[in-house]
There are 2 protein chains.
Amino acid sequence: MSHTLGLRQAQKQKTRQALLDAALGLLEEQSLSSLGLREVTRAVGVAPTAFYRHFRSIADLGTALVEEALGSLHPMIRTTVSTADDHGQRIKRAIELIAGHVDAYPAHVRFIARERHGGVQPVREAIRDQLARFGQEVKDELAKDRVSVGWSEDDLLMLANLYVDQMLITASLFLEALDAPAEERDRVCQVAERQMRLISIGREHWLD
Amino acid sequence: MSHTLGLRQAQKQKTRQALLDAALGLLEEQSLSSLGLREVTRAVGVAPTAFYRHFRSIADLGTALVEEALGSLHPMIRTTVSTADDHGQRIKRAIELIAGHVDAYPAHVRFIARERHGGVQPVREAIRDQLARFGQEVKDELAKDRVSVGWSEDDLLMLANLYVDQMLITASLFLEALDAPAEERDRVCQVAERQMRLISIGREHWLD
DNA sequence: AATTACAGAGAACAGTTGTTAACTGGATGA
DNA sequence: TCATCCAGTTAACAACTGTTCTCTGTAATT
């Protein structure tokens, strides 16, 4: 089942990706609900009507961006949470992984943080669904840990979602500190690590 | 120093408030960066140009909304955190207070959640400043607690900000559950309470 | 009673927006 | 080779945007 994707489809996917990239760029200084279809096509250098060959609407493009930003992140999360080494080290690695991801894909992170509570319903729902998946996956990994014996399913999911939210908060802080001096970035790093540690301590004493 | 506010100024403040209210209403299904000046004046029933008598721009109106939504909340937070009774009861009261506030001012809460990471810089900064104030105030109250002896200033502020973020997350969850059946709302309530309790447990064992 | 200040109205401006329809030209499959 | 498909173009549409300038009526001041 090889699909070598003829010249036709290849070019189509190329402009589709160009539209997504241009939109993501424009969204650094505005929200999705104010992003214009013509604005996007103009940035790509293509006729406004060409937009409809790829997306029904801006909201549709938005949900595609959600998939692009979060879809490929699931394996990353799983391995990070599951890898079992020293507790303190694990937290440090998680924080560094978040920092690295924000460095590599700042626009994607900004988009998710911005549109999670943004003005476009379908996009909010797409993000909510993805984050719920993250929650389930983190829960599954936590369940394997020996610290989790005696925990109810509900409590495991509660903790998993707490971790997921905390990751997003941390990512957002790193984003704000992107152009800040190194000392500021270090400070954010330390605060994030301590918050994560405090939650983990709460986890260890949950059943007392 | 009495200022009985002549007829003139009284009427002006009235339309100003009408503009704020109309904007807040329109923002339930879009973001600030897509809110139009004419849209707001039309909703109030006033000429577009009248807008400039009250605000320089939509961003300016946005920062006024931030003040309206968060400015009067400081005393509420202080007393809630400071009141010293049974630990479990304190958390329950805090959650109920958040739920009540979301019920009473859903549009304000939505506005803050949406524009905290939204596309309008001055508004983001206004919200960030207010939340930083909340963090400081919570820290001040936490410092008075006997559980806080031996804590560094940095760690106290770290914890305070963790609480503040958690309050916002909780408020946002209540908002999503506003039109949901009572059982769903109860579920949200219980999850929020447990997350808050887990953080508090982490706090108690922080110095181990 | 006469003058000033000023909230709001009205009209006009150059640009912008989403969406429609009909069209073009090169890749695709028979 | 020829007919078909379809990504992208062109042109046009009514509706909308923020902002300027000028004007009006009435409250506030003298």
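Just so it is clear: chains get the letters A, B, ... in the order the sequence lines come, proteins before strands, and each one is counted from 1.
When atom types are taken as modelled, the side chain of B:Arg114 and the backbone of B:Glu28 share a donor-acceptor pair closer than 3.5 angstrom. Between the side chain of B:Thr15 and the main chain of B:Ala18, no donor-acceptor pair closer than 3.5 Å is present. With hydrogens and angles ignored, the 3.5 Å screen pairs a side-chain donor or acceptor of B:Thr80 with a backbone N or O of B:Met76. Remark: side-chain polar atoms of B:Arg110 are not paired, donor with acceptor, to backbone N or O of B:Tyr105 under 3.5 angstrom.
Annotation: side chain of A:Leu131 is in contact with side chain of A:Arg116 (closest heavy-atom distance under 4.5 Å). In this structure, the side chains of A:Met167 and A:Met196 come closer than 4.5 Å at one or more pairs of heavy atoms.
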Can you run through DNA chain D from 5' to 3' and write each base as (, ), [, ], | or . depending on how it pairs? Watson-Crick or G-U wobble, both distances under 3.5 Å. ||||||||||||.||||.||||||||||||
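Smallest separation of non-hydrogen atoms from A:Leu198 and B:Trp151: CD1-CH2, 4.2 Å.
Summarising the geometry, the separation between CD on B:Gln13 and P on C:dG8 is reported as 11 Å, rounded to the nearest angstrom. Rounded to whole angstrom, the span from the CG atom of B:Asp60 across to the P atom of D:dT19 amounts to 12 Å. Rounded to whole angstrom, the span from the NZ atom of A:Lys14 across to the P atom of C:dA27 amounts to 13 Å. With rounding to whole Å, A:Tyr52 atom OH is found 12 Å from C:dA21 atom P. Rounded to whole Å, the distance from CZ on A:Phe55 to C1' on C:dT19 is 18 Å. Put simply, CG on B:Leu61 is 12 Å from P on D:dG18, counting in whole angstrom units.
When the nearest nucleotides of DNA chain C are assigned to A:Arg56 and A:Leu7 by heavy-atom distance, the more 5′-ward of the two goes with A:Arg56.
Between the NZ atom of A:Lys139 and the CG atom of A:Leu159 there is a distance of 12.0 Å, given to the nearest 0.5 Å.
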Base versus backbone protein contacts along nucleotides 7-17 of chain D [heavy-atom cut-off under 4.0 Å; B, S, -]: BBBBBB----S
